[in-house]
Amino acid sequence: MNRSCVNCLKTMVLNLNFLCWLCGAFVVAFGEFQMMHCKFTSLITTFWPIYPANTLVVTGTIVTCVCYVGVLGGMRENRCMLISYFILLCILMLVELAMACVFLVHSREIDTYFEKDLMQSLEIYRESSQEGNKTIKDDFDAVQHLFRCCGVYGVADWKGNIPISCCTKDPCNTLLHANWQEGCLVKLRDWFTRNYLSTGAGVVTMFIIQFICLCISIPLFCHISRRGLGYQ
């Protein structure tokens with residue numbers, strides 16, 4: 001392989017890894033944005049570790065670190081860094097595939113846990129004192145106000161003790177007021193599904209870029225190995 005081909009491979013490895021690094025950094029930023037503005041995690045406790053925002057932050061952080069190793073290895077033509085990058089990227093891609101399989105296989109169980117957690121949060125809200133469990137109360141009020149819904153299945157879930165966040169008017173100043181009749185389960189689950197679809201689209205895009213990076217880094221590593229270089 002002549003030097004021009006090697007330079008071409010190096011350029012492609014550097015550009016693709018830099019692009020993947022930018023994608024990872026964007027994913028981390030988007031996950032942090034969701035964590036700050038979508039404060040519904042206290043209501044869905046069973047599968048908190050796979051909450052979309054948490055998944056984005058963890059995945060994006062790992063991708064940025066792995067791609068950084070790839071960029072350095074390509075720039076310095078360092079065999080150790082390239083083989084480390086190759087192994088880490090293979091592991092990362094396998095983990096991404098495993099996560100996708102888990103979500104597909106256990107999608108029904110996730111829906112069941114979603115319903116159970118919301119009912120449990122509503123019961124805690126309904127039975128708490130005025131100052132107790134403020135986080136759950138604030139999050140449930142935020143859900144009902146944002147999605148224009150009331151209760152889990154409907155307004156009857158509150159058994160007469162209906163919070164002000166169910167009111168159809170904003171602000172709600174009357175004692176006798178109209179409430180949203182539709183439950184929050186379907187609306188919140190649809191929102192959750194849309195977030196996972198956008199998360200999945202981002203992961204698939206990164207997976208494709210990672211696979212191309214993997215294919216290009218192999219001939220570059222083989223060339224450096226044949227030349228006996230790459231440890232300096």
Checklist line | Trace of the side-chain contact (heavy atoms from CB on, under 4.5 Å) decision for Leu122 with Trp158 | finding: CA-CA 8 Å; Leu122 185 142; Trp158 291 107; 3.9 Å; yes
Item checked: From Leu72 atom CG to Leu14 atom CG, the distance as rounded to the nearest 0.5 Å -> 9.5 Å
Notebook entry, point to check: For the side chain of Asp139 and the backbone of Ile136, is there at least one donor-acceptor N/O pair under 3.5 Å apart?
Noted result: no
Margin query: The test is side-chain contact (heavy atoms from CB on, under 4.5 Å); show your working for Ser165 and Phe140 and say whether it passes.
Written below: CA-CA 9 Å; Ser165 56; Phe140 217 114; over 6 Å; no
Next item on the list: Could you tell me whether Phe18 atom CZ has more than 12 heavy atoms of other residues or ligands within 6.0 Å of it?
Entry: no
Notebook entry, point to check: When rounded to the nearest 0.5 angstrom, what is the spacing between OG in Ser128 and NZ in Lys134?
Noted result: 11.5 Å
Item checked: Shortest non-hydrogen separation from Pro163 to Asp141 and the atoms involved -> CB-OD1, 4.0 Å
Notebook entry, point to check: Which pair of non-hydrogen atoms, one from Met93 and one from Leu214, has the smallest distance, and what is that distance?
Noted result: SD-CD2, 4.0 Å
Notebook entry, point to check: In chain order, what residues pass the side chain to side chain contact (heavy atoms under 4.5 Å, CB included) check against Asp190, with sequence neighbours excluded?
Noted result: Val186, Arg194
Item checked: Nearest-0.5 Å distance that lies between atom SG in Cys65 and atom CD1 in Ile62 -> 8.0 Å
Next item on the list: Take Phe86 and Leu82 through the side-chain contact (heavy atoms from CB on, under 4.5 Å) test and state the conclusion after the steps.
Entry: CA-CA 6 Å; Phe86 182 84; Leu82 281 175; over 6 Å; no
Check: When clusters are formed by joining ILVMFWY residues with side-chain heavy atoms under 4.5 Å apart, either directly or through shared neighbours, do Val69 and Phe211 land in the same one?
Finding: yes
Next item on the list: Would you give the length of the straight line joining atom CG of Leu89 to atom CD1 of Ile91, rounded to the nearest 0.5 angstrom?
Entry: 10.0 Å
Note to self: Looking at Gln181 and Gly154, would you say the former's side chain and the latter's main chain have a donor-acceptor pair under 3.5 Å?
What the structure shows: no
Check: Applying the 4.5 Å side-chain criterion to the ILVMFWY set and letting contacts propagate, would Val28 and Val63 be lumped into a single cluster?
Finding: no
Checklist line | Side chain proximity check, Leu118 to Arg189, heavy atoms < 4.5 angstrom | finding: no
Item checked: CA sep, side-chain torsions, deciding dist, call: Trp180, Val155, side-chain contact (heavy atoms from CB on, under 4.5 Å) -> CA-CA 7 Å; Trp180 303 110; Val155 68; over 6 Å; no
Notebook entry, point to check: Should Leu16 and Ile208 be counted in the same cluster of Ile, Leu, Val, Met, Phe, Trp and Tyr side chains packed under 4.5 Å apart?
Noted result: yes
Note to self: Whether the side chain of Glu127 engages the backbone of Tyr125 through a donor-acceptor N/O pair (distance < 3.5 Å, no angle test) should be reported.
What the structure shows: no
Check: Nearest heavy-atom pair of Gly151 and Cys166: which atoms, and what distance?
Finding: N-SG, 4.4 Å
Check: With a 2.5 Å cut-off on the SG atoms, do Cys184 and Cys150 make it?
Finding: no
Note to self: Once rounded to the nearest 0.5 Å, what's the spacing between atom CD1 of Ile162 and atom CG of Asp157?
What the structure shows: 10.5 Å
Item checked: Closest contact, heavy atoms only, Lys187 versus Arg148 -> NZ-O, 3.3 Å
Notebook entry, point to check: Roughly how far, to the nearest 0.5 Å, is the CD1 atom of Ile164 from the CD atom of Gln144?
Noted result: 11.0 Å
